[in-house]
Engineer: 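Just dropping this structure here.
So you know, we letter chains A, B, ... as the sequences are listed, proteins then strands, and number each from 1. Since the structure is predicted, the reported quantities are computational estimates derived from the model, not experimental observations.
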Number of protein chains: 2
Amino acid sequence: MAGIMTMLREASGKLHPQERRAAQYILEHGMEAAGLGITELAQRAGVSTATVSRLCKTFHFSTFTDFKMKLSAELALQPSAQSYQDIVAGNPLEDIVSAMAANHIRSITDTTRLLDLKKLQQAVDVLAAANRIDIYGSATSGIVAEDFYQKLVRIGIHAASYSDSHLQITSASLLRPGDVALAISYSGETPETIDALRCAKENGATAISLTKFGANTLANLADIQLFTSTLEEGMRRGNMASRIAQLHVIDILFTGLVSSRFDEYVPRLENSYQMVRKYRVNKGVAEG
Amino acid sequence: MAGIMTMLREASGKLHPQERRAAQYILEHGMEAAGLGITELAQRAGVSTATVSRLCKTFHFSTFTDFKMKLSAELALQPSAQSYQDIVAGNPLEDIVSAMAANHIRSITDTTRLLDLKKLQQAVDVLAAANRIDIYGSATSGIVAEDFYQKLVRIGIHAASYSDSHLQITSASLLRPGDVALAISYSGETPETIDALRCAKENGATAISLTKFGANTLANLADIQLFTSTLEEGMRRGNMASRIAQLHVIDILFTGLVSSRFDEYVPRLENSYQMVRKYRVNKGVAEG
DNA sequence: ATGAATGTGTAAATTATTTTCGTAGTTTAA
DNA sequence: TTAAACTACGAAAATAATTTACACATTCAT
């Protein structure tokens, strides 16, 4: 079978008026329609339940339920939309869910495509050899910074993350050659973060930036530039996709790091989970 | 493989004898089981229909039909051989990059597929009407909590996030009816987070949980349960995919919230960016 | 015009699912 | 050890969903 949806579309012309109406509704609402019961589907399509039931029979499905199952199996396989979707007013939650999934997936694939393996490898090497790692980021990027910090702690790497501008500078001013500073900012133009990275660099630390793709102050300043995909104007509200992309890069960095010294780091990672578990008296497992 | 089957396998040990029997049958017969009605499934598994129905409730599916649909959607995807990739020793960075992209994308699609729109809508409604919102999370989940907090602040919603266990309880004890508490924990078994949510609930606040899919203490406690896909054993190291999935759900919640009061919230969101820009003297745009 | 054929909705019959309730077994406390 | 309180579970009642039977239009051919 070359797809239920295709079949519906093709046969649509030959169907009885009301059946076509039901078929049309299914074609237009896809996933949403597949989740409904016959009663609600009929109501929304503006036909009787009997008509829907007969539509299924017309296509030789044994029952409506049979049709529904096969349809949703088919739709589950369907690849999701390939373009960014903007947030608009009064969208049904259903649309928001699929738009968000599309955006995040797009953000990850775009970022992956733009990654420069050489720079990434350099970053991993530098981080692996670092005496001490400082991570800077404000607001949303501060969260990404904190996330990386937490990961590094678990494998026993001496790291710190700062989102406060004074602390950033304070810490940066204490860095020395052999240390690494990672500055995160989607725009690459966050003044505090720029200042902190400049200060770190002046003190001899290796400077890594993580920004949107293209020319920006932070990347220009850095020794090693890492990039996430650039989003369209409307999509920046909420910094959602950009943050996902940043975390994606962080995860790659971290995994690269762990992989490079697998035998040393993995037991530590494992151990950190065990210890958290152990020192939580009498209670269940906790994995955050 | 992730999602329902993984969850069933994992939880199997904790289930009541007859429920386990039903779960076992589903695990062993996959596709075949997904096609059956509750009556026949119960018969073949050697249990009563009531037990099967209860099994679905145990895992927080709204009905047996809901369970069946999500299961068959999951199984339909199986043959496409995408599966989570574990971290291994000495992987070339190139492999890590593609594995990470695959994992994150999988995590997002799995989570999206398992989302319960009704519960999601309830959560959005409750959050929109909330007097005040408390968000609890430890470690990695604390980062997700903080992220949501930052978003809510930008649209002028009175929210707070706590990862410190004492502060969590302190704040929870001050909640009142009309307030909302959102507790985040991948495992759903983080003691501090559970205590905080319980406390919040006892004080009359509406309790929302965000955990891995299935039965867990936190979800059982909550008034509204939100879920991310369940990851396989090896994938948990580093909490990477789980955190991406949690953020994905948070983004949907937030967007749903903004969309529900578009005219009120979007200007605020826009304004918050403008103001940050304005009060940063002489420097470029900053979007985190 | 009139009868046959066709398409459709309503409502009854059927089927499926959930919930209630009682029992039997198990744990807890005295 | 016994009584009380739980707990798990299935039978069956209640509810919900789906299909089928039937009646009523409408169309089309005669």
Engineer: In residues 18-25 of chain A, which residues come under 4.0 Å of DNA chain D by heavy atom?
Structural biologist: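 Of all residues in residues 18-25 of chain A, none places a heavy atom under 4.0 Å from DNA chain D.
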Engineer: Expressed in angstrom and rounded to an integer, what is the separation of B:Met69 atom CE from C:dA16 atom P?
Structural biologist: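 Between P of C:dA16 and CE of B:Met69: 18 Å.
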Engineer: Say whether B:Asp223 and B:Thr206, considering side chains only, have a donor N or O and an acceptor N or O under 3.5 Å apart.
Structural biologist: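 No, B:Thr206 and B:Asp223 have no side-chain donor paired with an acceptor closer than 3.5 Å.
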Engineer: Give me, pair by pair, the N or O atoms of the protein and of nucleotides 17-19 of chain D that are less than 3.5 Å apart, along with how far apart they are.
Structural biologist:
residue, atom, partner, partner atom, Å
D:dT18, OP2, A:Ile38, N, 2.7
D:dT19, OP1, A:Phe64, N, 2.5
D:dT19, OP2, A:Ser53, OG, 3.4

Engineer: How long is the line joining CG of B:Leu15 and P of D:dT7, in whole Å?
Structural biologist: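 To the nearest whole Å, that distance equals 17 Å.
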Engineer: Starting at CG of B:Leu41 and ending at P of C:dT18, how long is that distance when rounded to a whole Å?
Structural biologist: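 To the nearest whole Å, that distance equals 12 Å.
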Engineer: Looking at B:Glu264, I'd like to know if its CD atom is crowded, meaning that more than 12 non-hydrogen atoms belonging to other residues, nucleotides or ligands lie closer than 6.0 Å.
Structural biologist: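 Yes, the 6.0 Å shell around CD holds more than 12 heavy atoms from other groups.
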Engineer: Taking atom types as modelled and ignoring hydrogens, do the side chains of B:Arg243 and B:Ser107 form a donor-acceptor contact shorter than 3.5 angstrom?
Structural biologist: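 The criterion, which ignores hydrogens and geometry beyond distance, is not satisfied for B:Ser107 and B:Arg243.
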Engineer: Is it true that, when you exclude B:Arg176 itself, more than 12 heavy atoms of the residues, nucleotides or ligands shown sit nearer than 6.0 Å to its CZ?
Structural biologist: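 At most 12 heavy atoms, drawn from other residues, nucleotides or ligands, come within 6.0 Å of this atom.
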Engineer: Please report the distance, rounded to the nearest Å, between CD in B:Gln43 and C1' in D:dA11.
Structural biologist: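 For the pair B:Gln43 CD and D:dA11 C1', the rounded distance is 14 Å.
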Engineer: I'd like to know whether OH of B:Tyr149 has more than 12 heavy-atom contacts from other residues, nucleotides or ligands below 6.0 angstrom.
Structural biologist: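 No, because the 6.0 Å sphere around OH of B:Tyr149 holds 12 heavy atoms or fewer from other groups.
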Engineer: Can B:Glu189 and B:Thr217 be counted as having a side-chain donor-acceptor contact under 3.5 angstrom?
Structural biologist: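 Yes.
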Engineer: So, are B:Arg44 and B:Glu40 salt-bridged, with charged N and O less than 4.0 Å apart?
Structural biologist: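 The answer is yes: the pair qualifies as a salt bridge.
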Engineer: Distance alone, cut at 3.5 Å: any donor-acceptor contact between the side chains of A:Thr51 and A:Glu19?
Structural biologist: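 Judged by distance alone, the side chains do not pair up.
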Engineer: Take atom CZ of A:Arg54 and atom C1' of D:dA21, then tell me their distance rounded to the nearest Å.
Structural biologist: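 So the two atoms are 11 Å apart, to the nearest Å.
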